[in-house]
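None of these values were measured; they are calculated from a predicted model.
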Amino acid sequence: MAGSVRNHGSISDMTSLPDIIQAHAASLPEGAVLTAKALLHLGNRAAVDQALGRLTRAGSLLRVGRGAYVAPVSGRFGSHPPEPIKVVEDWARQFGETVLPHGGLSANRLGLTTQVPVQSIFLTSGRSRQLKVGKLKVELRHAPPRTLALGRSRAGEIVRALEWLGREHAGEAVVRMAGTLSAVEKQELLGARPLMPGWLSDQVSRAVGRA
C-alpha cells in the first residue's frame with residue numbers, strides 16, 4: 001500500500017521464539033501469510049502455537065484463519081490490517097489454489113450492475129473457507145474448474161459476471177458486452193463455450209457469434 005512501511009528487525013539479536021517469529025513476519029511483504037506449519041523448524045508445534053498466540057494477543061500478528069497469521073502494516077496513522085486482496089493472493093500462492101474475484105464484483109467492474117458487493121468474496125479452486133483480515137471477513141467460495149478456466153482475462157471476467165447475473169439477465173448483458181470485445185476476446189469467449197452452462201453457451205453463441 002502506498003505510503004505504508006513495514007518494520008524490519010534483525011533475527012541475530014533476538015533470543016526468544018516470539019521475537020524471532022515477529023522479526024520474520026516483519027520482513028515479509030504486506031499480506032504475506034505466515035503459517036504455524038512453516039515455523040516448525042524453530043520449535044515444536046506447541047511452542048510455535050504458544051508464541052503465535054502471544055504475538056496475536058499483543059497485536060503484533062493478526063490471525064486470519066486456523067494456524068495462519070499476517071503482520072499488521074505500520075503507517076502514518078498507526079498500524080492497520082493489510083489489504084485483503086494481498087492476503088488472498090498470497091494464500092492462493094502458498095496453497096496452490098486459483099483464486100479470482102467473485103462474479104458480482106466482475107459484473108460491477110464491467111458496468112453490468114450498479115450493485116457493489118458488501119462482502120469480500122472470492123472464488124477458489126480449493127475448499128470453501130472464511131478468512132478474517134482485521135475486522136473484515138473474507139469468504140473464499142469453491143467454484144468449479146469451468147468458472148475459473150479463463151483466469152483473470154477479460155473474457156474470464158465476463159463469464160464469471162454472466163454466470164452471477166443468471167439466465168434471466170445474462171442475455172441482455174452479453175449483447176451489451178459483445179460490441180466491446182476485440183476479435184481475440186470474441187474468439188476466446190466463443191472457445192470457452194464447452195466450459196459454460198448450456199443456457200449461457202447458447203446466449204454467447206447468439207450474441208457474440210453475430211457481433
Side chain [X], main chain [Y], donor-acceptor under 3.5 Å:
X: E157; Y: S106; answer: no
X: R160; Y: G151; answer: yes
X: S125; Y: E97; answer: no
X: R176; Y: G111; answer: yes
X: E30; Y: E83; answer: yes

Check whether any side-chain heavy atom of [X] sits under 4.5 Å from a side-chain heavy atom of [Y], and report yes or no.
X: P81; Y: K135; value: no
X: L189; Y: V159; value: yes
X: W164; Y: L105; value: no
X: V64; Y: K132; value: no
X: E89; Y: I85; value: yes

> Are L40 and L28 linked, directly or through other ILVMFWY residues, by side chains that come within less than 4.5 angstrom of each other?
Replying inline: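 Linked within one cluster.
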>> Between L150 and V208, is there shared hydrophobic-cluster membership here, with clusters defined by ILVMFWY side-chain heavy atoms closer than 4.5 Å?
In response: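 Same cluster.
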> Would the number of heavy atoms belonging to other residues, nucleotides or ligands and lying under 6.0 Å from CD of Q94 be above 12?
Replying inline: yes
>> With side-chain hydrogen bond (donor to acceptor under 3.5 Å, both in side chains) as the criterion, how do R154 and T180 come out once you've worked through the C-alpha distance, each side chain's angles and the decisive distance to 0.1 Å?
In response: CA-CA 11 Å; R154 188 159 185 258; T180 71; 3.3 Å; yes
